Participant: 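Structure provided below as structure tokens; questions to follow.
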Amino acid sequence: VIPNGAPNSPAYDIQSLSVAGINLTVDGNPGSFIQWTLKVAGLDPDNLPRNSSWRMVWTSEGATYFVDMNTFEPTGVKFEYGALDANGIFQTQGAADKGSFTPDGTIVISIAASKVGSPAAGATLTAINADTVLLVGGAGTGLLANIDTTSEGTYTLRACGVTSGVPNAVNDAATTPQGAAITINV
């Protein structure tokens with residue numbers, strides 16, 4: 001829910017936040033990746049709010065990291081990652097490994113675990129949260145105003161679909177007509 005006085009745009013209205021990993025590939029590239037999904041009420045690709053950020057934050061092994069989609073540059077959308085510095089300021093460290101968004105408000109960002117402290121399967125991510133922010137004022141002299149935020153959660157990383165003999169997280173989906181019965185064999 002967007003607080004009173006904030007820009008009334010579906011782009012800032014956070015609906016959910018989720019995380020998945022450790023995934024072994026992103027677009028066929030091998031490695032260990034964490035995938036973050038932020039859902040807002042909607043994103044119009046032809047009219048994205050400028051000077052805005054959709055940020056997902058977590059703590060691992062005592063350090064705080066983030067991935068975000070932002071529109072701070074006049075050239076369009078960037079997907080980035082970084083960490084919180086000793087002064088409590090988010091510092092961008094580079095481009096995320098993959099990022100995308102859809103008009104329904106789904107933002108998906110994948111980041112190599114090696115870029116964010118190298119957590120492995122079994123590690124617990126804490127203080128997981130998201131915010132939508134708007135740069136108010138001029139570049140270099142403005143401030144970031146929080147528009148919407150989530151509460152904090154935790155997640156234990158799992159190997160996704162790679163370890164035999166133990167439960168694995170897999171990305172399965174089934175779509176059926178409404179009211180149709182289905183049978184799932186496991």
Side-chain angles (χ1 to χ4, degrees), residues 1-21 23 25-29 33-59 64-85 88-113 115-116 125 127-153 155 171-175 177-178:
V1 175
I2 297 175
N4 288 336
N8 188 12
S9 168
Y12 296 116
D13 189 6
I14 297 174
Q15 307 292 300
S16 65
L17 170 64
S18 61
V19 57
N23 300 295
T25 62
V26 166
D27 288 343
N29 297 316
F33 299 90
I34 303 169
Q35 180 177 293
W36 295 89
T37 303
L38 180 64
K39 176 74 171 77
V40 295
L43 291 168
D44 180 351
D46 297 322
N47 193 25
L48 280 177
R50 303 303 312 152
N51 297 317
S52 298
S53 173
W54 295 262
R55 181 171 49 203
M56 294 145 266
V57 180
W58 71 97
T59 300
T64 301
Y65 300 97
F66 73 92
V67 292
D68 80 345
M69 178 179 95
N70 71 67
T71 57
F72 296 135
E73 299 292 328
T75 56
V77 176
K78 283 189 170 185
F79 297 92
E80 298 178 315
Y81 78 97
L84 197 65
D85 70 14
I89 299 171
F90 287 104
Q91 297 292 336
T92 299
Q93 296 174 337
D97 292 283
K98 183 177 181 181
S100 65
F101 72 94
T102 57
D104 74 351
T106 302
I107 300 166
V108 179
I109 303 174
S110 295
I111 188 71
K115 294 179 180 177
V116 290
L125 308 181
I128 296 170
N129 67 88
D131 58 16
T132 53
V133 298
L134 174 65
L135 175 64
V136 180
T141 61
L143 61 93
L144 292 174
N146 280 334
I147 305 300
D148 198 8
T149 61
T150 66
S151 58
E152 293 185 349
Y155 177 74
N171 186 13
D172 290 337
T175 304
Q178 184 173 353

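Quick caveat, the model's predicted, so the values are computed rather than measured. Count residues from 1 along the sequence. All values below come from the heavy atoms of this structure, side chains included, with hydrogens, waters and symmetry mates left out.
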Participant: With a 3.5 Å distance limit and no angle check, can you tell me whether Thr71 reaches the backbone of Asn51 through a side-chain donor-acceptor pair?
Facilitator: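 Yes; at least one donor-acceptor contact below 3.5 Å.
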Participant: Pairs of donor and acceptor atoms involving the side chains of residues 38-47, under 3.5 Å and at least two apart or interchain, shall be tabulated with distances.
Facilitator:
{"unit_1": "Lys39", "atom_1": "NZ", "unit_2": "Asp104", "atom_2": "O", "d": "2.4"}
{"unit_1": "Asp44", "atom_1": "OD1", "unit_2": "Asp46", "atom_2": "N", "d": "2.9"}

Participant: Looking only at heavy atoms, what is the nearest atom pair of Gln93 and Lys115, with distance?
Facilitator: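 Reported closest heavy-atom pair: OE1-O, 4.1 Å.
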Participant: Once you round to the nearest 0.5 Å, how far does CG of Asp68 lie from CD1 of Ile107?
Facilitator: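 So the gap between those two atoms works out to 9.5 Å.
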Participant: When you look at Asn129 and Thr149, which way does the side-chain contact (heavy atoms from CB on, under 4.5 Å) test go after all the steps?
Facilitator: CA-CA 7 Å; Asn129 67 88; Thr149 61; over 6 Å; no
Participant: Tell me, please, which residues at least two apart from Phe90 pass ring-ring contact (aromatic ring centres under 6.0 Å, His included).
Facilitator: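 Result, ring-ring contact (aromatic ring centres under 6.0 Å, His included) vs Phe90: Phe66.
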Participant: Identify, with sequence neighbours excluded, every residue that meets side chain to side chain donor-acceptor pair (under 3.5 Å) alongside Ser52.
Facilitator: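 Partners of Ser52 under the side chain to side chain donor-acceptor pair (under 3.5 Å) test: Tyr12.
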Participant: Mind checking the CD1-CE spacing from Ile14 to Met56? Nearest 0.5 Å is all I need.
Facilitator: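 It comes to 9.0 Å.
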Participant: Any heavy-atom pair between the side chains of Ile128 and Trp36 that's under 4.5 Å?
Facilitator: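 The answer is yes; the side chains approach within 4.5 Å.
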Participant: With side chains defined as the heavy atoms from C-beta onward, is the minimum distance between Asp148 and Trp54 less than 4.5 Å?
Facilitator: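 No - every pair of side-chain heavy atoms lies 4.5 Å or more apart.
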Participant: On a heavy-atom basis, which atom in Ala83 and which in Tyr65 lie closest, and how many Å separate them?
Facilitator: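 Reported closest heavy-atom pair: CB-CD2, 4.0 Å.
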Participant: Below 4.5 Å, heavy atoms only, C-beta onward: do Leu144 and Phe72 meet side chain to side chain?
Facilitator: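 A side-chain contact under 4.5 Å exists here.
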Participant: Ignoring hydrogens and angles, tell me if any N or O in the side chain of Ser110 forms a donor-acceptor pair with the backbone of Asp97 under 3.5 Å.
Facilitator: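 Flag not set: sc Ser110 to bb Asp97 has no pair under 3.5 Å.
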Participant: What's the separation between atom CG in Asp85 and atom OG1 in Thr64, rounded to the nearest 0.5 Å?
Facilitator: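 Between Asp85 CG and Thr64 OG1, I get 10.5 Å after rounding to 0.5 Å.
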Participant: Could you work out, with side chain to side chain donor-acceptor pair (under 3.5 Å) as the rule, every residue matching Lys98, not counting sequence neighbours?
Facilitator: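 Checked Lys98 against side chain to side chain donor-acceptor pair (under 3.5 Å); matches are Asp27.
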Participant: Does Ala145 have any side chain to side chain contact (heavy atoms under 4.5 Å, CB included) partners at least two apart in sequence or in another chain, and if so, which?
Facilitator: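 Result, side chain to side chain contact (heavy atoms under 4.5 Å, CB included) vs Ala145: Val136, Leu143.
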Participant: Which pairs pass salt bridge (Lys or Arg N to Asp or Glu O under 4.0 Å) with one or both residues in residues 48-57, sequence neighbours excluded?
Facilitator: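 Of all non-adjacent pairs touching residues 48-57, those that pass salt bridge (Lys or Arg N to Asp or Glu O under 4.0 Å) are Arg55-Asp131.
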Participant: Less than 4.5 Å apart, side chain to side chain, heavy atoms only: is that true for Val19 and Trp58?
Facilitator: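 A side-chain contact under 4.5 Å is absent here.
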